[in-house]
Amino acid sequence: MKPTVTHILFTTDLSKNSTYALRHAASMAKVTNAKLHVLHVMEPLSEDARITIQMFVQDKSSRQDALNMRKRHTKEVLAERQKNFWAALPKEDQSIRDQVASIEVVEGHAAEVILRRSKELGCDLIVLGAHDHGFSHTFLGSVAKRVLRRASVPTLIVPYNDDD
């Protein structure tokens with residue numbers, strides 16, 4: 001029996017290589033007619049960063065506004081990257097955009113959020129890009145390794161590509 005892919009979770013760290021990985025995810029969505037879910041995980045602020053904000057932004061409302069602005073800015077960057085990606089595709093591939101079922105920015109620890117959302121969305125495949133370290137020691141300590149180790153569905157790690 002041939003496995004069926006109906007939902008693909010593409011995770012992006014908003015790096016240059018994530019665009020290359022999105023090409024692979026979009027191509028797979030086109031071939032399988034799967035829904036594509038785009039996810040960016042914002043790491044939580046460190047305790048030091050939170051204390052610094054408290055020290056320099058005394059008003060609680062202003063502090064909350066600053067935290068909300070961080071998420072809003074990330075959503076804007078993700079939306080802009082998505083717009084540019086889809087606009088750059090050849091005409092015959094433009095319709096793949098219709099297969100995008102969701103675009104989310106979630107705060108949390110990346111591997112945990114990726115794994116949780118893949119289950120919640122019923123994804124059959126997770127796609128993420130490797131960093132320019134390739135499969136070196138740095139890569140082995142990254143989010144990709146944690147996702148690979150704990151994923152219950154196939155996971156595609158797209159190697160770094162330094163081509164423009």
Let me see the working for Thr12 and Thr19 under side chain to side chain contact (heavy atoms under 4.5 Å, CB included), right down to the final yes or no. CA-CA 8 Å; Thr12 177; Thr19 301; over 6 Å; no
Which is it for Leu39 and Val106 under the side chain to side chain contact (heavy atoms under 4.5 Å, CB included) test, yes or no, and what are the steps along the way? CA-CA 8 Å; Leu39 172 67; Val106 176; 3.8 Å; yes
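- One hydrophobic cluster, built from ILVMFWY side chains closer than 4.5 Å, holds both Val127 and Leu89.
- When every heavy atom of Trp86 is checked against every heavy atom of Gln94, the shortest pair comes out as O-NE2, 2.7 Å.
- Phe10 and Leu128 end up in different hydrophobic clusters when Ile, Leu, Val, Met, Phe, Trp and Tyr side chains are linked at under 4.5 Å.
- Heavy-atom minimum distance, Gly108 versus Pro44: O-CD, 3.2 Å.
- Leu115 and Val143 fall within a single hydrophobic cluster, where Ile, Leu, Val, Met, Phe, Trp and Tyr are joined by side-chain heavy atoms under 4.5 Å apart, directly or via other members.
- Val41 and Ala110 make their closest contact through CG1-CA, 3.6 Å (heavy atoms, listed as atom of the first residue, atom of the second, distance).
- In this structure, the side chain of Thr155 engages the main chain of Val153 through a donor-acceptor pair within 3.5 Å.
- Checked by atom type and distance alone, the side chain of Ser27 never pairs as donor or acceptor with a backbone atom of Arg23 at under 3.5 Å.
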Could you walk me through whether Gln82 and Val38 pass side chain to side chain contact (heavy atoms under 4.5 Å, CB included), step by step? CA-CA 9 Å; Gln82 287 290 299; Val38 178; 3.9 Å; yes
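- Of the N and O atoms on the side chains of Ser15 and Asp13, at least one donor lies less than 3.5 Å from an acceptor on the other residue.
- For Ser62 (side chain) and Gln58 (main-chain N/O), no donor-acceptor pair under 3.5 Å exists by modelled atom type.
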With side chain to side chain contact (heavy atoms under 4.5 Å, CB included) as the test, would you mind laying out the steps for Leu67 and Arg63 before giving the verdict? CA-CA 6 Å; Leu67 295 173; Arg63 241 187 343 261; 5.7 Å; no
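- Side-chain contact check for Tyr20 versus Val158: some heavy-atom pair is nearer than 4.5 Å.
- Using a cutoff of 4.0 Å between basic side-chain nitrogens and carboxylate oxygens, Glu47 and Arg50 are not scored as salt-bridged.
- Between Ser152 and Lys119 the shortest heavy-atom distance is OG-CE, 3.9 Å.
- Here Glu107 does not pair with Lys71 in a salt bridge; the nearest charged N to carboxylate O distance is not below 4.0 Å.
- A donor atom on one side chain and an acceptor atom on the other are found under 3.5 Å apart for His37 and Ser102.
- Closest of all the heavy-atom pairs between Ala130 and Ile157 is CB-CG2, 3.8 Å.
- Remark: Arg146 does not engage Glu112 in a salt bridge, criterion side-chain N to carboxylate O under 4.0 Å.
- Leu156 places none of its side-chain heavy atoms less than 4.5 Å from the side chain of Ile126.
- Contact check for Met42 versus Val105: side-chain heavy atoms found under the 4.5 Å cut-off.
- Between Arg116 and Glu120, at least one side-chain nitrogen of the basic residue sits less than 4.0 Å from a carboxylate oxygen of the acidic one, meeting the salt-bridge criterion.
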